[in-house]
Amino acid sequence: MLQRLKRVARRVLYGRRPAPTVGTVPTEAVDTSLKYLNEPRLDNDAESLIKRQVTRLEFNSSYLVIEGQAYFEKYPETDDERIVKSLLLVSDQRDELEIPLVNQTIADGHYPQAGYRGAINFSTINNGKPLQPGTYEVKLQLKQYLNKGWLIRRTTIGKIADTNQDLNYTTKMTSYSAKSNKSYSLIFRYNLAAQALNVTSYQLSEINPLENEFTSDEGLDTAAMRALKRRALKIWYRWYCLQPIRKKQISFVSDSRVTISGNFEFIYQELKQRQTDFKISFYLKPSIKAKKSWKEVRTLAKALATSRYIILDDFYPLVYPLAIREHADLIQVWHAVGAFKTFGYSRLGMPGGPKLQSLNHRNYTKALVSSHNIADKYAEGFGIAPDKIAPLGIPRTDVFFDQPKQAEIRARLETELPFIKGKKVILFAPTFRGNGQQSAYYPFEMLNFKEIYEALHEDYVFLLKIHPFVQNKPTLPYEYSDFYYDVSDYREINDLLLVADQLITDYSSVCFEYALLKRPMVFFAPDLADYMQSRSFYFNYFDFIPGSLAENTGDLIKQLEHPALNKAKLDGFINFFFDDLDGHATARFVDALQDNFGEDEALIDTGDGPEMSEDGKIIPTWGKKTPKA
């Protein structure tokens, strides 16, 4: 009885508080969360209605952009610090997720701080992962500070301008990790009568990439079989170490290519042009998982044990447990130039970084870099001594100083890619997201393909060169087929750089090679803060990039339409990351090979050059497929 009398007294003194909104009716509700309990509240002000309208609601895959106006009709405000606007995702379990909105000034003398804008990426909203399965009401919350405290209300998003019907939009989201690749459906529903927006997420599938392996049709080895063959290779390697090193044997080894391209091509062509007496063998496979026969494993073990030089251009886990013999060299010529995002042992303790006891990279006897200024970065990343770093330059960058070679490549590409004729070429070449090959993806929802097409398709073509690790692919509507072209399968990116009038990248080392052409670059990095937290860089990103920064599609379009080049900054960038700008990096490297890197040796020489077919092509050491030079 006493409690009832107290409730009646409160109603007389303060009035009845409106009940919280449960459904999707377009009426305001008082915030009932706990986070504002320590602040003065004005919830009894029932006349403080929210006026609101959505002026823009746009979907781009799982990326939602919203703009509009919202204000308390009774309380005009000119100070944006006294108004806080946000969207709330309220689940069917009544859990809440708040997304802050940015205040926008509008041309209204009475309510100048009424505007707002916001963007939500539902693919990464859950701590970098897609929205948890469930159905959510999308609420608009307005919080305004008055003289006596905070007035807080929440309501539906309101009327969408120029919309006279219900709206539905469906898309997919993906999540990649080393042990679980998940696919989700994302459905948005806007009810015009209720002026309410709901979003539903549900999981479509889940696949363990480590278990989803095939051995016959796909030509892949299972994880168990790869482990068994690694052990066999070690045993055979020790056996062949009883044989003498072949002084003139060079073995090119890669598990990321089946053709002779990149640094391998430049080094091989220089050796051939000099008519050296080196015996050259190639051991190439398309991926780490690609099947190797037992004969191939034994042949590889012999080559690794008896070659004077073993040359790698990428990560190669088979070789790392092996003790490289005295008077032999394991040389990493690496596929990337410069030092940008951290890699290898520079990432100890970071997500996807190596363990301290890892053997990866540590047995390199030499590693090429483009400049002495980054020698310490590569020594740290590879976990090797600084004196093993050789700043001789990167062989494949020689093409940027060879005008006849460039003309030849451009002519060939105009034949292979006829759509670039008569058009300005934009090359989009970002790096992957994720901790490694199993979890690699690119968040294509950050790009608004429609806006880019509408702004640029008359004068440009847009080439997409996506990192080979990336598992998800862009979905490009057929009506844009005269503008967007996916050239990701084209192996040699430097060829594509030569025909590109502008480059869009983000955190990729491709910027080093493109800088040598002295053409405009745009660094498209809407997720810069997240990437810096998970990956980190060797240099301050904002001071480092030799081009302009775009944080959204609008910025990107403006910068592509009006390309800018900071010559002073670009020249400083080039001079720091390249010691020699002469196009002779390959020659310096082959000089070092012929000079045994300055070492005196008395080893048995059994080399007599690579085995050639009748048409002048190399016969690969194993496998029936001949790599193309």
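Residue numbers count from 1 along this sequence. Values reported hereafter were calculated over all heavy atoms of this structure, with side chains retained and with hydrogens, waters and symmetry mates removed.
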Taking it one step at a time, do N472 and T174 satisfy side-chain hydrogen bond (donor to acceptor under 3.5 Å, both in side chains)?
-> CA-CA 8 Å; N472 61 321; T174 52; 4.6 Å; no
With under 30° as parallel and over 60° as perpendicular, where do the rings of Y541 and F340 fit, or are they tilted in between?
-> parallel
When you check the gap from the basic side-chain N to the acidic O, do R257 and D314 get nearer than 4.0 Å?
-> no
Sub-3.5 Å donor-acceptor pair from the side chain of S307 to the main-chain atoms of A303, do we have one?
-> yes
Passes side chain to side chain contact (heavy atoms under 4.5 Å, CB included), I250 versus L593? Steps please.
-> CA-CA 9 Å; I250 299 177; L593 294 181; 4.1 Å; yes
With the side chain counted from C-beta on, respond yes when E58 and N448 share a heavy-atom pair under 4.5 Å apart, and no when they do not.
-> yes
So, the side chain of Q502 versus the backbone of L560: is there a donor-acceptor pair under 3.5 Å, distance only?
-> yes
Ring centres under 6.0 angstrom apart (Y485, Y490) = no
Any chance CZ of R117 has more than 12 other-residue heavy atoms, nucleotides or ligands included, within less than 6.0 Å?
-> no
Working for salt bridge (Lys or Arg N to Asp or Glu O under 4.0 Å), residues K292 and D255 | CA-CA 11 Å; K292 293 181 177 70; D255 268 349; 3.1 Å; yes
Centres of the H361 and Y364 rings: under 6.0 Å?
-> yes
Basic-acidic side-chain contact under 4.0 Å: D486, K465 | no
For I331 and F597, the nearest pair of non-hydrogen atoms, with its separation, is CD1-CE1, 3.7 Å
Answer yes or no: is there an ion pair linking D571 with K518, defined by an N-O contact shorter than 4.0 Å?
-> yes
List the steps and the verdict of side-chain hydrogen bond (donor to acceptor under 3.5 Å, both in side chains) for E270 and T586.
-> CA-CA 7 Å; E270 180 72 16; T586 308; 6.0 Å; no
R433 versus D527, closest heavy-atom pair with distance = NE-OD2, 2.8 Å
Write down the atom of L359, the atom of P321, and the distance for their closest heavy-atom approach.
-> CD1-CA, 3.9 Å
Just by modelled atom types, is the S251 backbone N or O under 3.5 Å from a matching donor or acceptor in the K279 side chain?
-> no
Could you tell me whether D387 atom CG has more than 12 heavy atoms of other residues or ligands within 6.0 Å of it?
-> yes
Is there a side-chain contact between L570 and K567, using heavy atoms and a 4.5 Å cut-off?
-> no
Let me see the working for D543 and K569 under salt bridge (Lys or Arg N to Asp or Glu O under 4.0 Å), right down to the final yes or no.
-> CA-CA 9 Å; D543 296 333; K569 184 172 185 178; 6.0 Å; no
Donor-acceptor under 3.5 Å (H467 side chain, T431 main chain) = no
Residue pair K129, T124: steps toward the side chain to side chain contact (heavy atoms under 4.5 Å, CB included) verdict | CA-CA 4 Å; K129 298 179 180 179; T124 59; over 6 Å; no
Stepwise side-chain hydrogen bond (donor to acceptor under 3.5 Å, both in side chains) test for H372 and D579 = CA-CA 7 Å; H372 71 281; D579 279 352; 2.9 Å; yes
How about F544 and F577: are their ring centroids closer than 6.0 Å?
-> yes
Determine, stepwise, if the pair L581 / L516 fulfils side chain to side chain contact (heavy atoms under 4.5 Å, CB included).
-> CA-CA 9 Å; L581 299 170; L516 295 172; 3.9 Å; yes
Is the shortest heavy-atom distance from the side chain of I389 to the side chain of D376 under 4.5 Å?
-> no
Taking the side chain from S61 and the backbone from Y63, do they hold a donor-acceptor pair closer than 3.5 Å?
-> no
Taking the six-membered ring for Trp and the full ring for Phe, Tyr or His, determine whether the centres of F573 and F512 are under 6.0 Å apart.
-> yes
Should the pair Y268 and F282 be assigned to parallel (<30°), tilted (30 to 60°) or perpendicular (>60°) ring geometry?
-> perpendicular
Of all heavy-atom pairs linking N363 and L322, the shortest is ND2-O, 3.0 Å
Greater than 12 external heavy atoms within 6.0 Å of E551's CD = no
Any side-chain heavy-atom pair from D329 and R308 closer than 4.5 angstrom?
-> yes
Is a salt bridge present between R412 and E408, judged by a nitrogen-to-oxygen distance below 4.0 Å?
-> no
In terms of heavy-atom contacts, A429 and S508 come closest through O-CB, 3.9 Å
Is the number of heavy atoms from other residues, nucleotides or ligands within 6.0 Å of NZ (K558) greater than 12?
-> no
Would you call R396-E492 a salt bridge at under 4.0 Å N-O?
-> yes
Judged by atom type as modelled, is there a donor-acceptor pair below 3.5 Å linking the side chain of D506 to the main-chain atoms of F523?
-> no
Sub-3.5 Å donor-acceptor pair from the side chain of T365 to the main-chain atoms of L330, do we have one?
-> yes
Over 12 foreign heavy atoms within 6.0 Å of CD, E479 | yes
Verdict with supporting geometry, S346 and K377, side chain to side chain contact (heavy atoms under 4.5 Å, CB included) | CA-CA 8 Å; S346 297; K377 308 296 188 296; 6.0 Å; no
Are any side-chain N or O atoms of K423 and backbone N or O atoms of E458, one a donor and one an acceptor, separated by less than 3.5 Å?
-> yes
Pair F432-Y441, ring-ring contact (aromatic ring centres under 6.0 Å, His included): steps then yes or no | CA-CA 6 Å; F432 65 90; Y441 71 98; 9.0 Å; no
Check: N360 side chain, P354 main-chain N or O, donor-acceptor pair, under 3.5 Å | no
V337 and Y378 have their tightest heavy-atom pair at C-OH, 4.0 Å
Anything under 30° is parallel, anything over 60° is perpendicular, the rest tilted; go ahead and classify Y320 against F315.
-> tilted
Are the side chains of P130 and S175 in touch, meaning some heavy atoms are under 4.5 Å apart?
-> yes
Report yes if the side chains of I260 and F266 come closer than 4.5 Å at any heavy-atom pair, otherwise no.
-> no
Side-chain heavy atoms of K285 within contact of S254, under 4.5 Å | no
Please check if the distance between the ring centroids of Y507 and Y531 is under 6.0 Å.
-> yes
Is I245 close to T306 at the side-chain level, that is, under 4.5 Å between some pair of heavy atoms?
-> no
Carefully, step by step, assess E513 and T397 under the rule side-chain hydrogen bond (donor to acceptor under 3.5 Å, both in side chains).
-> CA-CA 7 Å; E513 285 112 313; T397 61; over 6 Å; no
So, Q249 side chain and Y309 main chain: donor-acceptor pair closer than 3.5 Å or not?
-> no
Take D398 and K405 through the salt bridge (Lys or Arg N to Asp or Glu O under 4.0 Å) test and state the conclusion after the steps.
-> CA-CA 10 Å; D398 286 351; K405 181 70 172 177; over 6 Å; no
Sub-6.0 Å ring centroid separation between F444 and Y442 | yes
